[in-house]
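What follows is a set of notes on a single structure, which appears directly below.
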Amino acid sequence: MKAELPLDDNEKRRLVFKLVSQLHCLDCGRAYDRDDFSLAHRWEEVWVLTSQCHHCQGRSHIVIFMHVDAAPGPGCDLTPDEARSVEQLPAISADDVLDMHLFLSEFDGDFEELFTG
Ligand SMILES: [Zn+2]
């Protein structure tokens with residue numbers, strides 16, 4: 001018997017920021033600060049954050065796929081460059097409730113188009 005997703009939006013947001021605050025800048029390799037992130041887009045199971053490193057001002061995006069007891073799928077079309085950076089990242093599990101897969105990329109296009117187009 002599978003439990004319903006118990007997290008409300010605030011819980012998700014808290015979890016997301018907790019996870020991304022463990023990430024390191026792609027450009028300079030130093031740890032991000034929580035304040036470096038802002039939420040850019042949000043769908044049901046896909047959140048997109050933008051980050052600007054407070055050390056080097058490097059900008060990137062973090063795409064978070066949330067799955068409840070689900071195996072990650074390819075899901076979206078990544079460019080070879082993006083796929084490469086994805087491969088370097090471990091999947092991060094949070095509390096056995098959500099499997100969140102964080103994709104860092106320097107993709108600077110239209111995410112709306114990427115996921116819905
Ligand atoms: Zn940096």
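Both ligands and their constituent atoms are indexed starting at 1 by order of listing. Each residue takes its place number in the sequence, starting with 1.
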- Query: Taking 2.8 Å as the cut-off, does an N/O/S atom of His54 lie below it from the Zn ion (ligand 1)?
  - Reply: no
- With the side chain counted from C-beta on, respond yes when His54 and Tyr32 share a heavy-atom pair under 4.5 Å apart, and no when they do not. no
- When rounded to the nearest 0.5 Å, the distance separating CG of Asp27 from NE2 of His55 is 12.0 Å
- Just wondering, is there an N, O or S atom on Cys53 that's nearer than 2.8 Å to the Zn ion (ligand 1)? yes
- Test side-chain contact (heavy atoms from CB on, under 4.5 Å) applied to Trp43 and Val48, step by step: CA-CA 9 Å; Trp43 293 271; Val48 178; 3.9 Å; yes
- Query: Are any side-chain N or O atoms of Asp36 and backbone N or O atoms of Ser51, one a donor and one an acceptor, separated by less than 3.5 Å?
  - Reply: no
- Given SG of Cys28 on one side and SG of Cys56 on the other, what angle do they make at the Zn ion (ligand 1), to 10°? 120°
